[in-house]
Amino acid sequence: MTAATILEARPAATGTPRSRAVWPVLYPSVLPALVMLAVGAVGLARPALGWDEHATWSAATRTPGQIAQLAGTMDGVIAPYYLFLHFWTAAVGDSVAMMRLPSLVAVVLGVGLVGELGRRLFAPAVGLTGALIVTAVPQLSRYAAEARAYGIAFFFAVLSTLLLYVTLGRPTWRRWTAYGLALTLLGATHMLGLLVLSGHAVAVAVRLRAGRDRRVLLGWPAAVLAALLLVSPLIRLGLSQRGTQLEWIDPMDLHRVLIAPGVIFGAPMAGLLIVGLALAARHPRRAVLAELAALATLPPVLLIAVSFVTSPLWVPRYVLVVIVPLALLAAVALHGLPGRTVAALVLIVATAFEAHQAVRGPAARGGMDFRKAAAIVSAGQRPGDGVVYGRVGTWSLRAGLEYELRHRARPTDVLLRRSAAEAGTLGATECPELTCFTTARVWYVGARRAGDPMADAGDTLRAKFAAEYRRTGYWLLPLGTIALYERR
């Protein structure tokens, strides 16, 4: 063989092993992330902005000073998210897709981190299977396409967990700093996301008990304390606003405990299947299995316990991250069984498919289909028309119609005295008597509940309509009522 032949052969000889070495590191993360991107992008803009997303739009379109003013009265714990959305929408616009895109990107990256976590803790195949299971969960699919902070909180919760295990493998102050920063960003995104610390504490305790590096004894508490100090202003705001912020949560009872697993996943059958597989997990690294089990159970158990003892706090999306350890445990149970792995993935997808369709419905984000409601009002309105809103959830009704008609003419808000941004709250200031308008034609937009579709109007407004107006148009939507009144 000539020297030239040897030189030409070297790149092929060295390049192939490198690519083979890199691929097992990348595929557990890259492939599921691409799947999540495809799943999350389907119908991203199909559902109209929902009840809570109207709060996001209302806050994001205010000035930073007005966002800070709002944080002093409501939603203080997610003010950093509102501030981020303010600059984001200023740069890319406030279309439905653009408002939801940050959540989608965050969840896609989070799914990639799930694959890396499984690869580091067990094997590349476990990381791949676990991350693919996560992509099949309807609840995650929903919050990947919702303009709220939950998808971003999911990303930081997974990131902090991955950084914890990376740091426990070789503790350095630089790694502890990165872990603490991830916790800080998690707390700034959603305060209750810090419930993952209960599972992290178990992982740290297991390693200390095993006689591992004692630097963990100093590093972990220091990182956690620094993160808690940095988010303490938000924590104080959350505690002070708890009475008004969370009054909508139903009281905790045994029924809610029993249905919790299915509600967390958004599809009871798929959730029970994943939990059942997780319970079958067996692996030589028993301590890691126990740590993942703690991360899967402690956050919801603590939140449920607090809800029984104090005022209710139980909202399944607050502990969305628990699907990650459960999915990884399920992947461990399936490791080395390719046929059963494929069958399990097919079953999970099949049992969750209907729920995936449901979260992409036209009004799947809560409240009426505001897109349809706005189309009705826009098609039938005339110059000089007014609009009034129902008495329940008025802030969201007003923001919903204003958002959908933001680029079109819309009726005059006849009861409005000060906008929500000027008032520093989510709700605007209205005429106190509800009798201070004499508009010839008035549109009514209200929520619809069981029984009388006009019940949301309230007695005073209904009395005025009955005495001074006649109804000339009436549209019943799922969870919504649109009516048109003309002066007698």
Side-chain angles (χ1 to χ4, degrees), residues 49-91 93-95 98-99 147-149 233-234 236-238 240-248 367 370 373-374 377-378 381 384-439 442-447 456-458 460-461 464:
L49 290 187
W51 205 261
D52 288 341
E53 289 179 300
H54 294 150
T56 299
W57 177 75
S58 174
T61 52
R62 306 182 189 194
T63 66
Q66 289 173 332
I67 293 175
Q69 185 182 10
L70 172 65
T73 59
M74 182 168 284
D75 279 354
V77 294
I78 53 175
Y81 172 73
Y82 288 158
L83 193 62
F84 164 73
L85 257 291
H86 166 79
F87 293 107
W88 171 259
T89 55
D94 62 352
S95 68
M98 287 299 101
M99 289 190 63
R148 296 296 282 173
L234 296 178
R236 287 196 296 270
L237 273 177
S240 65
Q241 296 173 4
R242 181 176 174 181
T244 56
Q245 188 71 41
L246 301 175
E247 79 282 355
W248 56 271
F370 284 92
V377 174
S378 182
Q381 72 171 322
D385 281 3
V387 62
V388 296
Y389 298 95
R391 302 298 88 201
V392 177
T394 309
W395 66 268
S396 186
L397 297 169
R398 176 174 278 109
L401 193 67
E402 288 181 352
Y403 174 80
E404 296 298 340
L405 296 178
R406 68 196 185 283
H407 300 312
R408 292 176 281 175
R410 64 175 183 260
T412 301
D413 194 339
V414 294
L415 293 178
L416 182 66
R417 291 297 172 265
R418 294 177 68 203
S419 69
E422 293 170 340
T425 61
L426 280 181
T429 303
E430 292 188 337
C431 174
E433 297 300 325
L434 302 183
T435 58
C436 50
F437 65 89
T438 58
T439 313
V442 181
W443 292 87
Y444 168 78
V445 179
D456 187 47
T460 304
L461 189 56
K464 181 176 179 65

Given side-chain contact (heavy atoms from CB on, under 4.5 Å), test Val414 with Val387 step by step and report yes or no.
CA-CA 6 Å; Val414 294; Val387 62; over 6 Å; no
Can you tell me how far apart CD1 (Ile78) and CG (Leu237) are? Round to the nearest 0.5 Å.
12.0 Å
Quick one: does any side-chain atom of Glu53 pair with a main-chain N or O of Gly400 as donor and acceptor, under 3.5 Å?
no
Could you grab the distance from atom OG1 of Thr56 to atom OH of Tyr82, nearest 0.5 Å is fine?
5.0 Å
side-chain contact (heavy atoms from CB on, under 4.5 Å) between Asp413 and Glu402: does it pass, once the steps are laid out?
CA-CA 10 Å; Asp413 194 339; Glu402 288 181 352; 4.2 Å; yes
Residue pair Leu83 / Pro64: nearest heavy atoms and the distance that separates them:
CD1-CB, 3.9 Å
Would you please classify the geometry between the Trp51 ring and the Trp395 ring as parallel, tilted or perpendicular, with 30° and 60° separating the classes?
perpendicular
Backbone N/O of Gly427 and side chain of Thr425: donor-acceptor pair under 3.5 Å
yes
Nearest heavy-atom approach of Gly76 to Pro80 is O-CD, 4.3 Å
Between CG on residue Asp52 and OG on residue Ser396, distance to nearest 0.5 Å
7.5 Å
To the nearest 0.5 Å, atom CD of Glu404 lies from atom CH2 of Trp57 at 9.5 Å
Is the shortest heavy-atom distance from the side chain of Asp385 to the side chain of Arg410 under 4.5 Å?
no
At their closest point, which heavy atom of Met74 faces which heavy atom of Leu426, and how far apart are they?
SD-CD1, 3.4 Å
For Pro411 and Val377 the tightest heavy-atom approach is CG-CG1, 3.7 Å
Distance alone, cut at 3.5 Å: any donor-acceptor contact between the side chains of Arg62 and Ser58?
yes
To the nearest 0.5 angstrom, please state how far the CG atom of Asp94 sits from the NE2 atom of His407.
5.5 Å
Are the charged groups of Arg398 and Glu430 less than 4.0 angstrom apart, N to O?
yes
So, the side chain of Thr439 versus the backbone of Val442: is there a donor-acceptor pair under 3.5 Å, distance only?
no
Heavy-atom side-chain contact between Tyr389 and Leu401 under 4.5 Å
yes
For the residue pair Arg408 and Ala374, what are the closest heavy atoms and their distance?
NH2-CB, 4.2 Å
Ile67 side chain reached by His86 side chain, heavy atoms, under 4.5 Å:
yes
For Leu49, is there any backbone N or O sitting under 3.5 Å from a side-chain donor or acceptor partner on His54?
yes
Using the side-chain contact (heavy atoms from CB on, under 4.5 Å) rule, take Asp75 and Tyr81 through it: C-alpha gap first, then chi angles, then the decisive distance, then the call.
CA-CA 10 Å; Asp75 279 354; Tyr81 172 73; over 6 Å; no
Could you check whether any side-chain heavy atom of Phe437 comes within less than 4.5 Å of a side-chain heavy atom of Lys464, counting everything from C-beta outward?
yes
When every non-hydrogen atom of Ala423 is compared with those of Thr429, the smallest separation belongs to CB-OG1, 3.9 Å
Which residues pass the side-chain contact (heavy atoms from CB on, under 4.5 Å) test with Ala447, sequence neighbours left out?
Arg449, Asp456
